[in-house]
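I have placed the structure first, in the form of structure tokens, so that the comments after it can refer back to it.
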Amino acid sequence: MCEKIAAGILGTGSYVPEKVLTNFDLEKMVDTSDEWITTRTGIKERRIADPSQATSDLATEAAKKALEDAKVDPSEIDMIIVATVTPDMNFPSTACIVQANLGAANAAAFDISVGCSGFIYGVAIAQQFVETGMYNKILVIGAETLSKIINWKDRNTCVLFGDGAGAVVVGRVESGYGILSSYLGADGTGGKHLYMPAGGSRMPASEETVKKNLHTIFMEGQEVFKFAVKVMDSATIEALNRCGLKPEDIDMLIPHQANTRIIEAARKRLKLSNDKVYINLDKYGNTSAASVAIALDEAYRKGLIKKGDVILTVAFGAGLTWASSVIRWSK
């Protein structure tokens, strides 16, 4: 009987732009304060892409680091998946642009648009291709330049988001390690709570859409907050149940970096100590699909994750969507 192929993470990488935008900078731009932002979100600063930088540029830099960490040549990559809501353009896909940048000539390439849940969705997709034996090495990237679609006069959204990219190489790992379970979900009836109205076929770009700032993020914060608190808990438990583990088995929780109050609520319900939850949103804000990927890379490079540790990733995002996974670290 053939042994089941195990899919896991072979390497990680991340990249954030150099420019830092602090809460004090925002005080000069909109009616807000460092105290207000910090108390309600936990965010102190965020990174902003240079006007010349597109999402593919950030994604490429993160991908290079992940390939280097995995000791994998671009020619060995069978597929590139980019999770983003801020693609360079509608087509070609940002993944195809990254493929060209890397010289990964043997890779299939496509984007997925799942909001902040995108990276975990992408890893789950990669898992299936590896476990079935169809492909050996897949590059999964979460990358965003949210600063390009923010209304900088809207104090309810402009304080929340930042730019960045994170990447992993998914491939075969030894039995008993790797991705133990994945759980993906969506509730399309909640799409009205977090969206960008214009720029698609429903509302093509026009002089009116530009004047009304309809090419920027619209969010009903309270509705998204209520959804997030609920789904972070249920998605976490479901992923653990699917692989026969319990909250006490978690060595490191890497949640979507959106709001410290949401993360703290999840930590308390799971009865995890502070050192078992990785948080970096104070430095980067909400980087959407890049969020979990950047946090995973940082936690690993800081030595907070070691071989055999049980890592749980969980996120929620536009759609509304959610995703979670349990990984037994193999590096």
* Using a 4.5 Å cut-off on heavy atoms from C-beta on, say whether the side chain of F316 contacts that of I262. => yes
* Heavy-atom check, side chain of L240 versus side chain of I250, under 4.5 Å -> yes
* Sub-4.5 Å side-chain heavy-atom contact between E45 and L21 -> no
* Hey, could you give me the OG/CZ distance between S291 and F161, rounded to the nearest 0.5 Å? => 11.0 Å
* Asked: Which value, rounded to the nearest 0.5 Å, describes the distance between D73 atom CG and N106 atom CG?
  -> 9.5 Å
* Side-chain contact, heavy-atom cut-off 4.5 Å: T209 with M203? -> yes
* **Heavy-atom donor-acceptor pair, T132 side chain to F129 backbone, under 3.5 Å** => yes
* To do: Count the heavy atoms of every other residue, nucleotide or ligand shown that sit under 6.0 Å from CD of E68, and state whether that count exceeds 12.
  => no
* Identify whether the distance between the nearest side-chain nitrogen and carboxylate oxygen of K19 and D163 falls below 4.0 Å. => no
* Rounded to the nearest 0.5 Å, how far apart are CZ of R46 and CG of L146? -> 12.0 Å
* Polar side-chain atom of D69 near backbone of A66 as donor-acceptor pair, under 3.5 Å -> no
* **Under 3.5 Å donor-acceptor, E27 side chain and S33 backbone** => no
* Student check: side-chain heavy atoms of V310 and L312 closer than 4.5 Å -> no
* **Donor-acceptor pair, side chain of E144 and main chain of V85, under 3.5 angstrom** => yes
* Asked: Hey, does M196 have a side-chain heavy atom less than 4.5 Å from the side chain of I149?
  -> yes
* To do: Could you please spell out the steps behind the side chain to side chain contact (heavy atoms under 4.5 Å, CB included) verdict for L10 and V173?
  => CA-CA 8 Å; L10 307 180; V173 297; 3.8 Å; yes
* Asked: Which pairs with one or both residues in residues 241-259 pass salt bridge (charged side-chain N to carboxylate O under 4.0 Å, His left out), sequence neighbours excluded?
  -> E238-R242
* **Short side-chain to backbone donor-acceptor contact, D78 and N136, under 3.5 Å** => yes
* To do: Measure from the side-chain N and O atoms of T236 to the backbone N and O of M232, and report whether any donor-acceptor pair falls under 3.5 Å.
  => yes
* **Any S182 side-chain heavy atom under 4.5 Å of I120 side chain** => no
* Asked: More than 12 heavy atoms of other residues, nucleotides or ligands under 6.0 Å from CG of D275: is that the case?
  -> yes
* **Within-4.5 Å side-chain heavy-atom neighbours: L102 and T60** => yes
* Run the salt-bridge test on K64 and E61 with the 4.0 Å N-O cut-off and return the result as yes or no. => yes
* To do: Please determine if D31 and R155 form a salt bridge, counting it only when a charged side-chain N lies under 4.0 Å from a carboxylate O.
  => yes
* Hey, is the main chain of N280 close enough, under 3.5 Å, to the side chain of Q257 for a donor-acceptor pair? -> yes
* Whether T216 side chain and N213 backbone form a donor-acceptor pair below 3.5 Å -> yes
* To do: Keeping the roles fixed (side chain from S324, backbone from A235), state whether a donor-acceptor pair exists under 3.5 Å.
  => yes
* Side chains of T145 and S147: do they bring a donor and an acceptor to under 3.5 Å? -> no
* Does a donor on one side chain sit under 3.5 Å from an acceptor on the other, for Y284 and E298? -> yes
* If you count the non-hydrogen atoms of other residues, nucleotides and ligands that lie under 6.0 Å from CD in Q222, is the total more than 12? -> no
* So, T41 versus N259: side-chain donor-acceptor pair below 3.5 Å or not? -> no
* Could you please spell out the steps behind the side chain to side chain donor-acceptor pair (under 3.5 Å) verdict for T94 and T55? => CA-CA 7 Å; T94 301; T55 295; 5.9 Å; no
* Could you walk me through whether V168 and F119 pass the side chain to side chain contact (heavy atoms under 4.5 Å, CB included) check? -> CA-CA 10 Å; V168 296; F119 173 73; 3.8 Å; yes
* Asked: For the residue pair W322 and F227, does the interplanar ring angle fall in the parallel (under 30°), tilted (30 to 60°) or perpendicular (over 60°) class?
  -> tilted
* Asked: If you draw the axis of the six-membered ring of Y177, does the NZ or CZ of K307 fall within 45° of it and under 6.0 Å from the ring centre?
  -> yes
* Asked: Is S325 reaching over with its side chain to a backbone N or O of S181, donor-acceptor style, under 3.5 angstrom?
  -> no
